[in-house]
Novice: 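Would you mind keeping the following structure in view while I ask a few things?
Note that this is a predicted model, so its numbers are computed, not measured.
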Amino acid sequence: MPFDPTDAQDVYKDAGKNVLFTTLTINKSNPDEDREKVAELVSREQAILRSMNIRYPEEHLKVSFGFANSAWDYLFADYKKPQELEDFQPVKGPKYTSPATPADLFIHIRANSEAVVYEVASQIRNYYRDFTTVQDETKGFRYFEGRAIIGFVDGTENPEVQKASAYAIIGDEDPDFENGSYAFAQKYIHNMDAWNALKTEDQEKAIGRKKYSDLELEDDEKLENAHNVASQDNDDGIEHKIVRMNVPFSNPSEGTTGTYFIGYARHWSVTKRMLENMFGQSDRLLDFSNPVTGNMFFIPSLTTLDQIVEDELPTK
């Protein structure tokens with residue numbers, strides 16, 4: 001299906017070294033006024049991104065900005081909606097539940113320099129602070145060798161870079177919102193003491209890969225609910241992929257350490273089935289990882305962002 005990666009936000013490129021995730025709810029006092037404020041926020045955010053990339057090209061700044069279904073229904077009730085945009089509902093398994101938590105707007109900032117991340121976040125805040133409430137702000141970082149905080153190489157199941165955009169960007173199946181994307185964001189808090197108490201061999205069986213070489217285990221060496229088995233989507237006998245940009249976060253002195261999962265997908269249905277499989281099969285990793293948030297967002301294309309700024313979204 002045709003798509004144009006140059007019209008997409010930063011939804012299929014690298015996870016970055018310094019990362020900030022911000023989830024906001026709109027205070028919802030007046031939809032017309034709030035729509036104008038969001039249009040200004042979008043316009044300013046894009047201008048800030050362009051300016052910083054010109055000034056600091058070596059920092060590889062990337063930003064994604066998106067809307068939850070609740071925000072779209074509130075702000076753009078008279079306009080068309082992306083085909084798969086919906087309220088995220090909790091995914092309940094026999095042992096664990098993926099929760100749904102409040103969210104309207106989502107900002108994902110990443111760059112080589114933490115100073116650049118801070119400066120962009122600080123500037124953008126000027127345009128949302130008077131009509132939103134911050135629900136969550138999480139600062140992530142690149143761990144050794146790009147590994148997850150539990151010690152295994154992360155992103156192994158990602159498509160190759162050359163093909164990644166095809167898995168992350170909406171095609172002409174939804175022509176009004178082509179080059180957009182669906183993002184799912186979820187914070188996990190790990191029980192690191194319990195995880196580190198496992199023998200390396202037992203950790204490998206839980207993940208389905210060797211810890212140091214990253215080689216996949218044979219099927220008979222894995223647990224039936226190993227992470228790389230339970231988290232797949234093989235609908236219709238085909239392995240479907242998304243683009244993951246997970247990063248660790250931590251408050252070490254408090255003993256709080258976790259992973260911020262962020263997955264970008266062309267089809268929300270793919271990510272949704274992955275979650276249903278993961279929680280339905282009681283993914284072994286969930287015995288050590290407690291999900292505390294859950295939000296789904298539409299990440300508009302640059303064209304759609306311009307339509308929001310100009311109040312030119314396609315009407316119903």
Side-chain angles (χ1 to χ4, degrees), residues 5 8-16 19-23 62-69 82 84-91 98-101 103 106-110 136 138 140 142 146-150 152-161 163-171 179-188 207 227-235 238-249 258-281 283 285-286 289 291-300:
Q9 293 193 66
D10 294 310
V11 298
Y12 64 94
K13 300 171 186 175
D14 65 274
V19 189
L20 186 67
F21 300 98
T22 306
T23 303
K62 299 178 179 68
V63 181
S64 298
F65 177 87
F67 298 84
N69 185 58
E84 295 192 59
L85 183 58
E86 63 181 9
D87 291 327
F88 176 64
Q89 301 296 328
V91 178
S98 173
T101 47
F106 179 68
I107 307 170
H108 176 193
I109 305 171
R110 55 203 191 272
D136 181 74
T138 301
R142 176 182 167 84
R147 293 178 182 270
I149 202 71
I150 57 173
F152 285 75
V153 176
D154 205 6
T156 297
E157 300 300 324
N158 270 351
E160 293 132 348
V161 174
K163 301 177 181 178
S165 59
Y167 290 93
I169 297 173
I170 297 168
N179 303 319
S181 184
Y182 295 101
F184 179 70
Q186 187 157 62
K187 284 179 67 171
Y188 289 86
I207 299 299
H227 179 62
N228 71 349
V229 174
S231 61
Q232 287 188 6
D233 172 29
N234 294 308
D235 191 50
I238 300 171
E239 184 181 357
H240 302 276
K241 293 181 179 289
I242 63 174
V243 175
R244 298 171 173 85
M245 299 186 192
N246 310 338
V247 292
F249 65 90
T259 296
Y260 199 107
F261 174 92
I262 174 69
Y264 291 103
R266 176 176 184 167
H267 297 287
W268 159 237
S269 56
V270 172
T271 312
K272 189 176 183 180
R273 285 194 298 267
M274 288 178 172
L275 287 166
E276 291 169 347
N277 292 340
M278 184 176 173
F279 284 83
Q281 296 176 43
D283 186 327
L285 192 54
L286 292 174
S289 308
V292 294
T293 69
N295 318 116
M296 178 268 206
F297 305 93
F298 170 63
I299 311 297

Novice: Are the side chains of T293 and F21 in touch, meaning some heavy atoms are under 4.5 Å apart?
Specialist: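 When only atoms from C-beta onward are counted, F21 and T293 do not touch, as no gap falls below 4.5 Å.
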Novice: On a heavy-atom basis, which atom in P99 and which in V292 lie closest, and how many Å separate them?
Specialist: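 Nearest heavy atoms, P99 then V292: CG-C, 4.0 Å.
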Novice: Out of curiosity, H267 NE2 to I170 CD1, how far, rounded to the nearest 0.5 Å?
Specialist: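 Rounded to the nearest 0.5 Å, the NE2-CD1 separation comes to 8.5 Å.
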Novice: Looking at L275 and W268, what are the two nearest heavy atoms and their distance?
Specialist: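 So the minimum-distance heavy-atom pair works out to CD1-CH2, 4.2 Å.
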Novice: Taking side chain as C-beta onward, heavy atoms only, is L286 less than 4.5 Å from Y188?
Specialist: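 Of all side-chain heavy-atom pairs linking Y188 with L286, at least one is under 4.5 Å.
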Novice: Please round to the nearest 0.5 Å and tell me the distance separating atom CZ of F261 and atom CE of M245.
Specialist: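 Going from the CZ atom of F261 to the CE atom of M245 covers 11.0 Å.
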Novice: Check the pair K241 / K163 against side-chain contact (heavy atoms from CB on, under 4.5 Å), numbers first and verdict last.
Specialist: CA-CA 11 Å; K241 293 181 179 289; K163 301 177 181 178; over 6 Å; no
Novice: Could you tell me whether the side chain of S64 reaches within less than 4.5 Å of the side chain of D10, counting heavy atoms only?
Specialist: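 The answer is yes, as the side chains (C-beta and beyond) meet within the 4.5 Å cut-off.
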Novice: Between S181 (side chain only) and A168 (backbone N and O only), is there a donor and an acceptor less than 3.5 Å apart?
Specialist: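 Looks like yes, one N/O pair under 3.5 Å.
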Novice: How long is the straight-line distance from OG of S289 back to CG of D283, given to the nearest 0.5 Å?
Specialist: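 That separation rounds to 8.0 Å.
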Novice: Take T101 and N295 through the test side-chain hydrogen bond (donor to acceptor under 3.5 Å, both in side chains) and record every step on the way to the result.
Specialist: CA-CA 6 Å; T101 47; N295 318 116; 3.1 Å; yes
Novice: Using only atom types and a distance under 3.5 Å, with no angle test, would you say the side chain of D233 pairs donor to acceptor with the backbone of M274?
Specialist: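 No; judged by distance alone, with no hydrogens or angles, the pair does not exist.
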Novice: Can you tell me how far apart NZ (K62) and CD (Q9) are? Round to the nearest 0.5 Å.
Specialist: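 With rounding to 0.5 Å, NZ (K62) is 13.5 Å from CD (Q9).
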Novice: If every non-hydrogen atom of A164 is compared with every non-hydrogen atom of P159, which pair is closest and at what distance?
Specialist: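 Smallest interatomic distance, heavy atoms only, reads CA-CG, 3.9 Å.
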Novice: Do we see a donor-acceptor contact under 3.5 Å between the side chains of H108 and Y264?
Specialist: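 Short answer, yes.
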Novice: Would you confirm whether R110, through its side chain, and D14, through its main-chain N or O, come within 3.5 Å as a donor-acceptor pair?
Specialist: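 Answer holds: yes.
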Novice: Taking the side chain as everything from C-beta on, heavy atoms only, tell me whether Y182 gets closer than 4.5 Å to F297.
Specialist: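 A side-chain contact under 4.5 Å is absent here.
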Novice: Indicate the atoms forming the closest heavy-atom contact of I242 with G263, along with that distance.
Specialist: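 Where I242 meets G263 most closely, the heavy atoms are CD1-CA, 4.1 Å.
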Novice: Rounded at 0.5 Å granularity, tell me how far CD in Q281 sits from NE2 in H227.
Specialist: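 The NE2 atom of H227 is 12.0 Å from CD of Q281, to the nearest 0.5 Å.
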Novice: Does any non-hydrogen side-chain atom of E276 lie less than 4.5 Å from one of S98?
Specialist: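 The answer is no, as the side chains (C-beta and beyond) never meet within the 4.5 Å cut-off.
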Novice: Heavy atoms only: give me the nearest I262-A185 pair and the separation to one decimal.
Specialist: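 I262 and A185 have their closest heavy atoms at CD1-CB, 4.2 Å.
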Novice: Should E84 and K272 count as side-chain neighbours, where that means a heavy-atom distance under 4.5 Å?
Specialist: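 E84 vs K272: side chains apart.
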Novice: Does any non-hydrogen side-chain atom of R147 lie less than 4.5 Å from one of P248?
Specialist: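 No, their side chains stay 4.5 Å or more apart.
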Novice: On a heavy-atom basis, which atom in G66 and which in P300 lie closest, and how many Å separate them?
Specialist: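 So the two residues come closest at CA-CD, 4.1 Å.
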Novice: So, taking the atom named CG in D154 and the one named OG1 in T259, what distance separates them when rounded to the nearest 0.5 Å?
Specialist: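 With rounding to 0.5 Å, CG (D154) is 7.0 Å from OG1 (T259).
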Novice: Of T138, N246, L20, which meets side chain to side chain contact (heavy atoms under 4.5 Å, CB included) against Y260?
Specialist: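 The passing option is T138.
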Novice: Between E239 and N234, is any pair of side-chain heavy atoms under 4.5 Å apart?
Specialist: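 In contact.
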